[in-house]
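All chains are named by letter (A, B, ...) in the order of the sequence lines, taking the proteins before the strands, and each is independently numbered beginning at 1.
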Protein chains: 2
Amino acid sequence: MWYRDPGDASPVPVYDVHFCVVAHDDGKNSGMRRVRRRGLAHEAADHIRESIFDGRAAPGSALREVELAASLDVSRGSVREGLAILEREGLVRSEWHRGARVIELSPSDVNEVYTVRAALERLATISAAARMNAARLADLESLVQAMGRALEGDADGSTLLALDMAFHDRIYETAANGRLTDAWHGVRSQVRLFQLIRIERDQVDYRDRLVPEHHDLLRLMSRGPSEELARAAEEHVDSARRTLVHLLERDPDHPRS
Amino acid sequence: MWYRDPGDASPVPVYDVHFCVVAHDDGKNSGMRRVRRRGLAHEAADHIRESIFDGRAAPGSALREVELAASLDVSRGSVREGLAILEREGLVRSEWHRGARVIELSPSDVNEVYTVRAALERLATISAAARMNAARLADLESLVQAMGRALEGDADGSTLLALDMAFHDRIYETAANGRLTDAWHGVRSQVRLFQLIRIERDQVDYRDRLVPEHHDLLRLMSRGPSEELARAAEEHVDSARRTLVHLLERDPDHPRS
DNA sequence: GGATGTTCGAATGTTGACATTTCGACAACC
DNA sequence: GGTTGTCGAAATGTCAACATTCGAACATCC
């Protein structure tokens, strides 16, 4: 028996099953690798997260448990747990008996997030370089090439952003440090939010630097760990920080398209 | 009306009120600063955390929600939320429909935790140095002096550890970067667990290095940010890592006293 | 008029009951 | 003998109802 009525558009059991294909295996892996079940809390978190990135949930707006529970068709408990997940990611702030709100982004937040990110990326890049091999290198290289193709094809911002994030995710994956990945996930969603703003309001700079900077990182990583690589990783993040602070100070309110 | 029966030993309302005295104000602040209410989830998390540090909950042992709910006299929901808090701190691992367990500590975990900690501490120390002032310096100095007194008085390990942790907490506080503090809290409890092991099984080395290393950090911080300071902070953490890996590889099982 | 106390509604915090999944033991089969 | 299938207990995931808190509008008092 299921919790939800099967009369829904998609008559799947509520305890949803997620088939996660390992996206970047060596080509020898013929199909699915592991099956993960996550529960409604993660499902709810995904929906809410998406609505924040979409702009449907504006920064500062309240995320009421009953509303969300009704709109997502799950109980308040699951919504509550989902909101806790988003709070861990820094997308949401909640206070005692005052509910949860979408975070608001100020220049000082940019500094906080990107300063921490620089420290993490420094470690991740060096750790990844120490564990680099041909397959991983080729994988990263294909991502950079995809960036190039996307730029020539005049792809929209979200495509570029997805490739950008994927590149860095792979680095953390290669670093193979669970605690480091956890720390990254603590700022990742915020970084994505900021990069979204950056792409919206700075069409030129981002597109000019996307391929060269990532290509440089890749080249340095292929030569193993070095202080030069660490510096490059920090600078890659810090230049993004400077750009964002500049953008936000010029025009604090962000009119979404 | 209260949820709990007032017949308890401490007849306080369940929605407990916590008076947080700012512990290290400049002496001019006469008393309490802010009142925080946290809810039962945090309360439950505190209890469980303590039982992990005490050794009552051994590494790898299951933390059953019903048991904890009964023993803490709260509902399963609150225990559940508390366990989620501890999972955020890395003290607990939980899997879908398989419950939560106290983490087990292997040498590879030491490497993960202390590598990340080194990266965070590097940033925190430099940020703190940039915001250092006389009052904060004096505060840190008094902590180092307290360490010295504790050593001469042959204090037990937990006292030394508390001072050690307090020293580093103050650094993060001085850095005044919320995201950095969050990341630190993601490994802090694990660091504390490891340091507990270190103190238990290495009475000499830790006590010898406690004061000199912290004094060095303090001296360098007082001169403002520098690459030398960054290196010292990293090395301070990395030497702890090396010691712990050594200890754990010699004697993987830790017989608690 | 302005500050203070009160009341009320809307939201969250908490709880216990129910549905689902997991994992072991045991039996049946090849 | 080893593998496979079934059953059941024990645990977690989920839900809906209740208790508590917060904030603001209103009335009251100086």
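As judged by a 4.0 angstrom heavy-atom cut-off over every strand, A/G77 is placed among residues making no nucleic acid contact. Note on A/L63: only backbone sugar-phosphate atoms sit closer than 4.0 angstrom, heavy atoms only; bases stay farther off.
Nearest to the side-chain atoms of B/R64 among the listed nucleotides D/dT12, C/dG13, D/dG13 stands D/dT12. The A/H97 side chain lies nearest to C/dT12 when the options are D/dG13, C/dT12, C/dT14. In this structure, of D/dG13, C/dT12, D/dG23, it is D/dG13 that holds the atom nearest to the side chain of B/W96.
Looking at heavy atoms from C-beta onward, B/L91 lies in side-chain contact with B/R49 at the 4.5 angstrom threshold.
Phosphate proximity of D/dC15 to A/S78: present, with a side-chain N or O under 4.0 Å from OP1 or OP2. One finds no side-chain N or O of A/R98 lying less than 4.0 angstrom from the OP1 or OP2 phosphate oxygen of D/dT21. For A/S75 and D/dT14, the shortest distance from a side-chain N or O to OP1 or OP2 is not below 4.0 Å. Within the structure, every side-chain polar atom (N or O) of A/R76 is placed at least 4.0 Å from both OP1 and OP2 of D/dA16.
Salt bridge absent: B/R101 and B/E95 never bring a charged side-chain N and a carboxylate O closer than 4.0 Å.
Straight-line distance from the NE2 atom of A/H42 to the C1' atom of D/dT12: 14 Å, rounded to whole Å. Regarding A/E65, its CD atom lies at a distance of 17 Å from the P atom of D/dT21, rounded to whole Å. Regarding B/I85, its CD1 atom lies at a distance of 12 Å from the P atom of C/dG13, rounded to whole Å.
Side chains of B/H168 and B/E121: a donor-acceptor N/O pair is present below 3.5 angstrom, by distance only.
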